[in-house]
Amino acid sequence: MGNEVTKAKIVSSLLWSLLQRSGVQGIQLLITLILARLLLPEDFGLIVIVTIFNTFAIVIVQSGFTTALIQKKKVDHVDLSSVFYVNIISSSIIYMLLFYLAPTIAFFFEQQQLILILRVLSLSLFLSAFHSIQYVIVSRNMQFKDLFLASSIAHALSGMIAVGMAYADFGVWALVFQQLASHLITPFLLSFKVEWRPQLFFSMRNVMQLFSFGWKILVSSLLNAIYSNMHSVIIGKLFSPAMIGYYNKADQFPNIIVSNVNGSIQAVMLPALSSYQDNRQRVKEMVRRTIVTSSYVVFPMMIGLAMIAEPLVRLLLTDKWLPTVPFLQIFCMVYALYPIQTANLQAINALGRSDVFLKLEVLKTLLGLGILIISIQFGLYVMVFGVFISSVLFTIIDAYPNKQLLNYGMLEQLRDVFPSLLIALAMGGLLFLTHGLEFSMLTTVFIQIILGSIIYVVLSRIFKLECYEYLRSTLLSILGSSTKKYNLTFYNKEDNKEI
């Protein structure tokens with residue numbers, strides 16, 4: 001990134017990244033709703049099991065080097081091509097390993113269909129190896145508009161393929177080819193904007209330099225993947241594919257909402273924070289703004305979603321998916337904390353402290369697995385509630401290092417987000433009173449969403465939340481308003497420069 005990373009560029013990139021994820025997730029949600037009506041919970045359960053192993057594989061191929069390339073101040077063609085070839089070799093080794101382990105995995109879960117599904121879906125590893133380099137370039141240059149267009153089109157086309165196959169009674173294979181098509185179309189479309197192609201360059205010295213930073217991120221991501229997917233492994237082994245389907249679908253709704261905000265923070269803030277890694281005060285200001293703003297947006301969404309969970313599931317997925325409701329309400333509490341965790345972790349990575357990042361992930365994985373082992377003895381619902389307990393503890397752990405690194409610890413962060421949390425809880429309490437409404441499901445959900453939005457905005461204005469005013473003034477400036485009522489830019493007294 002040779003050009004200066006200004007506040008305007010950060011905000012613009014954040015909006016495009018948010019649009020990209022919102023567009024993709026919106027399309028994906030629509031396709032998922034259609035497929036949920038055409039397919040069985042068991043079909044989704046099978047694909048979740050396969051995705052567990054694909055997730056580990058993709059983490060190994062992408063995670064460490066991708067973050068290292070984004071964090072590095074200067075990257076050249078030798079770096080990019082060298083990492084690409086390493087990714088291809090890693091993909092080949094992992095694919096062969098999964099190919100031969102497929103019968104063992106199918107035997108463990110007592111689902112013979114998994115053999116062919118795993119072997120076919122794992123082909124996406126090779127596409128991910130190429131796309132990871134594209135993503136590095138897009139992130140460093142903040143070309144999120146191009147990523148928005150490519151991924152939106154890819155998800156729309158792959159979704160159409162899946163719906164067509166579901167109508168033709170292909171069952172779980174509709175979901176398999178949906179993922180494969182998406183992995184193929186996205187890098188193909190992006191290649192028209194990202195002109196990088198692999199060149200005959202390879203430097204082991206460059207690879208090792210990147211690996212010295214990236215291996216800690218890789219191990220951290222693997223530990224996170226182990227903890228995140230262990231619940232699905234246990235449910236798949238002890239219960240049924242249908243129960244995994246309920247669990248996964250409950251996770252998917254809040255995930256779609258929060259990943260739009262959280263994923264945008266991850267995509268934009270790492271390169272933005274990295275560009276200011278030598279100015280700790282400025283990094284602190286940016287991290288604080290990120291935490292306050294994202295929490296203000298996410299808290300009401302999650303609390304509102306928990307309040308309308310049952311009529312929403314009945315409306316969108318039909319009564320056959322009702323077992324997802326209690327899971328969904330718990331996951332809303334889990335995901336409400338994600339943006340705070342992400343902002344703290346991105347700050348640690350941007351400052352080049354991947355060693356701290358790794359220590360945090362080791363601690364969180366051990367803690368999370370301990371809670372999982374204890375909670376599963378009391379049944380599935382207690383196990384899922386244990387995920388929320390883990391998330392609360394993870395938030396505290398992620399914030400701890402930034403007390404020393406940025407002088408921005410957990411207590412100060414809690415003070416910053418408390419007003420938004422209090423107003424969101426008040427909105428949720430008022431929404432709870434609407435449960436006795438005797439309207440159709442569609443009318444009830446519509447009334448609850450509109451009423452919740454109005455209550456939250458009105459309370460924000462009454463109590464004059466700083467974040468509400470910041471968002472309002474920022475949106476007005478983006479829309480070209482000639483009048484700015486509030487001056488809320490990031491400001492550094494020492495050099496009189498805006499971020």
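None of these values were measured; they are calculated from a predicted model.
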Which residues share a salt bridge (charged side-chain N to carboxylate O under 4.0 Å, His left out) with K249, sequence neighbours left out: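 By the salt bridge (charged side-chain N to carboxylate O under 4.0 Å, His left out) rule, K249 matches no residue at all.
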
Listed partners of D43 passing salt bridge (charged side-chain N to carboxylate O under 4.0 Å, His left out), at least two apart: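 D43 satisfies salt bridge (charged side-chain N to carboxylate O under 4.0 Å, His left out) with no residue once adjacent residues are dropped.
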
If only side-chain N and O atoms count, and only distance matters, is there a donor-acceptor pair under 3.5 Å linking [Y] with [X]?
X	Y	value
Q134	T186	no
N229	T55	no
N344	Q413	yes

Apply salt bridge (charged side-chain N to carboxylate O under 4.0 Å, His left out) to K364 and E361, showing your working. CA-CA 5 Å; K364 290 190 297 183; E361 292 304 317; 2.9 Å; yes

[X] versus [Y]: any side-chain heavy-atom pair under 4.5 Å?
X	Y	value
L101	F53	no
L35	Q178	yes
L328	P254	yes
I137	L80	yes
I348	L360	yes
V176	V50	no

Contact summary for [X] and [Y], nearest pair of heavy atoms:
X	Y	value
K284	L406	CD-O, 3.2 Å
G368	S390	CA-OG, 4.0 Å
S295	I340	OG-CG1, 3.6 Å
S232	V48	OG-CG1, 4.0 Å
D416	R288	OD2-NE, 3.3 Å

N/O donor-acceptor pairs under 3.5 Å from side chains in residues 107-127, not counting sequence neighbours:
unit_1, atom_1, unit_2, atom_2, d
R119, NE, F99, O, 3.0
R119, NH2, F99, O, 3.1
S122, OG, N54, OD1, 3.1
S122, OG, L118, O, 2.7
S124, OG, L121, O, 2.9

Can a donor-acceptor pair be found, under 3.5 Å and without considering hydrogens, that links the side chain of [X] to the backbone of [Y]?
X	Y	result
T365	L223	yes
S391	V387	no
R197	S191	yes
S158	H155	yes

Nearest-0.5 Å distance, [atom1] of residue [X] to [atom2] of residue [Y]:
X	Y	atom1	atom2	result
R280	N402	CZ	CG	9.5 Å
S82	Q199	OG	CD	10.5 Å
I52	I47	CD1	CD1	11.5 Å
L33	L38	CG	CG	11.0 Å
I226	F56	CD1	CZ	5.0 Å
L175	I31	CG	CD1	11.5 Å

ring-ring contact (aromatic ring centres under 6.0 Å, His included) contacts touching residues 160-194 (sequence neighbours left out):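 Only F188-F192 qualify under ring-ring contact (aromatic ring centres under 6.0 Å, His included).
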
Determine which pairs satisfy ring-ring contact (aromatic ring centres under 6.0 Å, His included) with at least one residue from residues 238-259, sequence neighbours left out, and list them in order.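 Passing the test, one end in residues 238-259: Y246-W321, Y247-F331.
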
Apply side-chain contact (heavy atoms from CB on, under 4.5 Å) to T51 and Q179, showing your working. CA-CA 10 Å; T51 303; Q179 291 196 28; 3.8 Å; yes

For Y227, what residues pass the ring-ring contact (aromatic ring centres under 6.0 Å, His included) criterion, not counting sequence neighbours?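 Y227: ring-ring contact (aromatic ring centres under 6.0 Å, His included) contacts with H231, F394.
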
Test I257 against V298 for side-chain contact (heavy atoms from CB on, under 4.5 Å), laying out the working first. CA-CA 8 Å; I257 296 173; V298 168; over 6 Å; no

How far apart are the C-alpha atoms of D251 and F327, what are their side-chain angles, what is the distance that settles it, and do they pass the side-chain contact (heavy atoms from CB on, under 4.5 Å) test? CA-CA 7 Å; D251 176 83; F327 297 148; over 6 Å; no

Given side-chain contact (heavy atoms from CB on, under 4.5 Å), test L393 with I371 step by step and report yes or no. CA-CA 11 Å; L393 296 175; I371 293 174; 3.9 Å; yes

